[in-house]
Amino acid sequence: MAAGEFCLCSLVRLLCSLFIPGLFLSGALCLCLVVLLWGIRLWLQQRKNQLASIGKDGKHQLVVAFFHPYCNAGGGGERVLWCAVRALQKKYKDAIYVVYTGDKDVTGEQIVESAFRRFNIKLTHPVKFVFLEKRYLVEASLYPHFTLLGQSLGSVFLGWEALMKCVPDVYIDSMGYAFTLPLFKYLGGCRVGCYVHYPTISTDMLSVVRSQNARFNNAAFITRNPLLSKLKFVYYYLFAFVYGLVGSRSDVIMVNSSWTLNHILSLWRTGICTSVVYPPCDVQTFLDIPLQEEKSTTEYSIVSVGQFRPEKDHPLQIRAFAKFLEKKALGQQSSPKLILIGGCRNQQDEQRVNRLKKLCEELGVDKKVEFKVNIPFEELKKYLADAVIGLHTMWNEHFGIGIVECMAAGTIILAHNSGGPKLDIVVPYEGHITGFLAENEDDYSETMAQILSLSPEKRLEIRQNARQSVKRFSDQEFEVAFLLSVEQLFK
C-alpha cells in the first residue's frame with residue numbers, strides 16, 4: 001500500500017515539475033505563431049502597396065476581389081456574381097475588379113462573353129481574372145471520405161494561392177468558401193464580405209444524420225450502423241462549430257433566402273451584419289415572352305432547369321415522370337415529354353448525365369426524355385416558353401433561380417416542398433395560387449396529372465399570378481439590396 005502511495009506521489013510531483021516548463025513552452029510557441037502571422041501580414045501589405053495602381057485623384061485605386069473558382073459554370077451562383085460585379089461597377093467606377101477563378105481552360109474574354117450569352121449580362125468596365133492552379137483542392141471527388149472537411153481545408157490552400165497572387169482591399173466570397181474569410185481578413189488585411197447561397201453544413205444535415213436518414217450526402221451503410229451514425233454526428237457537430245467561427249469573421253453577410261438566413265443565424269450567430277438579398281433573376285427577359293392561352297393541339301412538355309449536380313435529384317424527376325406515364329393520367333392523345341436543361345461543370349457532371357440517360361432506358365422512358373446540356377440563353381427561353389410545367393426536385397433548395405425563371409416564363413412550377421421554394425417563391429400572391437409543391441415520386445406524378453387535368457383557362461390564371469409574384473426577384477431589386485448591404489465595406 002505504501003509503495004503504491006509512493007508511486008502515485010512521485011507521478012504527481014513529476015507532472016507538477018513538467019507543468020510550468022510546458023506552460024512556458026506553449027506560451028513561447030503561441031507567441032512565435034503570432035509574430036509569424038503578423039510578419040506575413042506586414043509582408044503582404046508591403047507587397048500590395050508596391051503593386052497598387054494610382055487613380056486619377058492620385059490615390060491608390062481600390063481593389064475589389066470576388067472569390068468564385070467556378071465563375072464560368074453557368075449556374076445561378078454565377079448570375080449572382082456577374083450582377084454583383086455590374087452593380088458595383090456602376091456605383092464605384094474607379095475601383096479595380098478582380099475575379100479569382102480556376103477556369104484555366106478559357107480566357108477572361110471568353111468568360112465575359114459566356115456571361116453575356118448565358119445571362120444577358122454586359123459589364124460596364126473590364127474585369128481582371130486571377131487564374132488559380134489548385135482548384136482541384138476543392139473538388140469533392142478528391143475527398144471520398146470527410147468531404148466537407150477536405151473541401152474546406154482545400155479552400156484555405158486555394159485562398160492562399162489567390163492571396164499570394166493579388167491582395168485586395170475588399171474581398172467577397174461569392175461561392176460559399178467561408179474558411180477563406182479569416183485568411184483574407186487577418187493575413188490580407190481586407191474588409192471581407194460573403195454571399196451565402198447554401199450553408200456548407202446546416203442544422204437540417206445534422207438532423208438527417210442524427211435520425212439516420214439516407215440522403216445523397218449520408219450513405220446507406222452509415223445509416224444502418226448506429227456507431228457510425230453517432231461518429232458522423234460528432235464529426236458534423238464539430239465541423240458546424242468551426243464553420244460558425246470562421247463564418248462569423250465576415251464584416252458583411254448576405255444570404256439568398258429565408259431558409260438560408262435561419263441556418264446562418266443559427267450557426268454563425270451574426271444577426272447584426274446579416275441580411276437577405278434575393279438573388280437576381282432575369283425575370284424581365286422571361287416576362288417579355290407573350291403569355292397566351294394554350295391551344296388544344298399543344299404538345300405538352302415538362303421542363304427542368306438546373307445544373308446536373310447530385311443535390312438537384314434528377315433521378316427523382318425521371319422516376320416520377322415514368323410513374324406518371326405508367327398511370328396514363330393524361331386523358332389526351334398527345335403524350336408529354338420531359339426536357340432536362342442544365343450545365344455540366346466537369347467530367348463528373350458529364351458522367352452523371354450519362355447515368356441519368358441509362359436510368360431513362362431502364363425505366364423505358366428514354367424516347368420521352370431529352371437532355372439539353374450547356375445550351376445558349378435564347379434556346380433556354382424557347383424551351384421555357386413552350387413548356388406547361390416547370391419541374392424542380394431538390395430537397396431544401398436554398399433559393400431556386402431556375403424556379404423563378406420558369407414562373408416568369410409562364411410555366412406552372414412544381415417544386416420541392418422545402419427550403420426557398422416553400423418559404424419565399426412558391427407562395428400565394430394576393431391570396432392566389434402561384435404553383436405547386438411535392439415531396440416524393442407519388443406526390444410529383446400525381447401533381448403532374450393534376451396540373452395537366454386543369455382547364456387551359458385555370459392554368460392561364462395560375463401562370464399570370466406566378467408572373468406577377470416574381471417581379472420582386474428582378475435584377476433591379478437585387479442591385480438595390482446588394483449595394484445597401486455592402487456599403488460599409490467601402491467606407
Side-chain angles (χ1 to χ4, degrees), residues 33 67-70 73 75 77 100 102 132-163 173-184 187 194 196-250 260 263-264 266-269 307-313 315 345-349 351-352 355 394-398 419:
L33 180 61
F67 190 75
H68 207 104
Y70 295 90
Y100 299 114
L132 306 176
E133 300 292 330
K134 297 180 175 61
R135 189 177 71 177
Y136 64 89
L137 291 176
V138 296
E139 293 278 357
S141 58
L142 188 63
Y143 311 100
H145 306 292
F146 299 99
T147 308
L148 293 181
L149 180 61
Q151 286 184 292
S152 297
L153 293 178
S155 72
V156 175
F157 287 100
L158 188 63
W160 174 251
E161 180 189 352
L163 191 58
D173 165 40
S174 53
M175 206 173 172
Y177 293 107
F179 281 73
T180 64
L181 295 170
L183 185 69
F184 278 83
L187 292 186
C194 62
V196 183
H197 298 274
Y198 195 88
T200 303
I201 191 168
S202 66
T203 54
D204 285 340
M205 292 169 66
L206 289 171
S207 65
V208 164
V209 176
R210 183 192 295 131
S211 57
Q212 296 180 242
N213 289 334
R215 295 278 182 176
F216 75 91
N217 58 354
N218 194 34
F221 77 89
I222 292 179
T223 63
R224 290 193 295 264
N225 190 311
L227 177 60
L228 291 179
S229 291
K230 285 183 174 61
L231 291 175
K232 184 168 184 178
F233 178 75
V234 171
Y235 159 55
Y236 268 21
Y237 183 84
L238 294 175
F239 182 87
F241 175 75
V242 178
Y243 178 62
L245 286 180
V246 298
S248 62
R249 301 306 93 193
S250 185
T260 307
H263 286 280
I264 288 299
S266 174
L267 295 167
W268 293 12
R269 305 185 185 281
Q307 287 184 312
F308 289 104
R309 306 203 310 250
E311 63 268 27
K312 296 298 182 181
D313 206 352
R345 303 164 297 173
N346 46 41
Q347 186 178 2
Q348 285 76 24
D349 287 353
Q351 293 172 349
R352 192 168 294 113
R355 290 195 293 270
M394 179 176 170
W395 172 71
N396 270 343
E397 170 70 272
H398 38 92

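Quick note: numbers below take in every heavy atom, side chains included, and nothing from hydrogens, waters or symmetry partners. Positions are given from 1, in the same order as the sequence printed here.
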Between Tyr136 and Leu158, is a side chain to side chain contact (heavy atoms under 4.5 Å, CB included) present by the stated rule, with each step listed?
CA-CA 9 Å; Tyr136 64 89; Leu158 188 63; over 6 Å; no

Dump the intermediate steps for side-chain hydrogen bond (donor to acceptor under 3.5 Å, both in side chains) on Thr260 and His398, then the final yes or no.
CA-CA 6 Å; Thr260 307; His398 38 92; 5.5 Å; no

What one should report as the nearest heavy-atom pair of Arg352 and Phe308 is NH1-O, 3.0 Å

| Near Arg355 CZ, under 6.0 Å, is it more than 12 heavy atoms from other residues, nucleotides or ligands? | yes

Ser174 and His197 have their tightest heavy-atom pair at O-NE2, 3.1 Å

Between Tyr70 and Arg135, is the side chain to side chain contact (heavy atoms under 4.5 Å, CB included) condition met? List the steps. CA-CA 9 Å; Tyr70 295 90; Arg135 189 177 71 177; 3.4 Å; yes

- Determine whether more than 12 heavy atoms belonging to other residues, nucleotides or ligands lie under 6.0 Å from atom CZ of Phe146. no

Taken to the nearest 0.5 Å, the spacing of Ile264 CD1 from Cys194 SG works out to 7.5 Å

Could you tell me whether the side chain of Glu397 reaches within less than 4.5 Å of the side chain of Lys312, counting heavy atoms only? yes

From CA spacing to verdict: side chain to side chain contact (heavy atoms under 4.5 Å, CB included), Leu149, Tyr143: CA-CA 9 Å; Leu149 180 61; Tyr143 311 100; over 6 Å; no

Do Ser202 and Asn396 come within less than 4.5 Å of each other through their side chains, counting heavy atoms only? no

Scanning both residues in full, the closest heavy-atom pair of Ile201 with Phe239 reads CG2-CD2, 3.8 Å

Exercise for review: Kindly assign one of parallel, tilted or perpendicular to the pair Phe179 and Tyr243, based on the angle between their ring planes and the thresholds 30° and 60°.
Suggested key: parallel

Tyr177 and Leu183: side chain to side chain contact (heavy atoms under 4.5 Å, CB included), yes or no, with the steps?
-> CA-CA 11 Å; Tyr177 293 107; Leu183 185 69; over 6 Å; no

One should read off an interatomic distance between Arg249 CZ and Thr180 OG1, to the nearest 0.5 angstrom, of 14.0 Å

(Q) Just so I know, are the side chains of Leu132 and Phe67 near enough to count as touching, which here means a heavy-atom distance under 4.5 Å? (A) yes

Using modelled atom types and a 3.5 Å cut-off, is there a donor and acceptor pairing between side-chain atoms of Glu161 and backbone atoms of Lys134? yes

Smallest heavy-atom separation, Thr200 atom then Ser152 atom, equals CG2-OG, 4.3 Å

Heavy atoms of Ala178 and Trp268 approach each other most closely as CB-CZ2, 4.0 Å

Closest non-hydrogen atoms of His68 and Gly77, given as atom of the first, atom of the second and distance, are CE1-O, 3.5 Å

Item checked: Heavy-atom side-chain proximity of Met175 to Pro69 below 4.5 angstrom -> yes

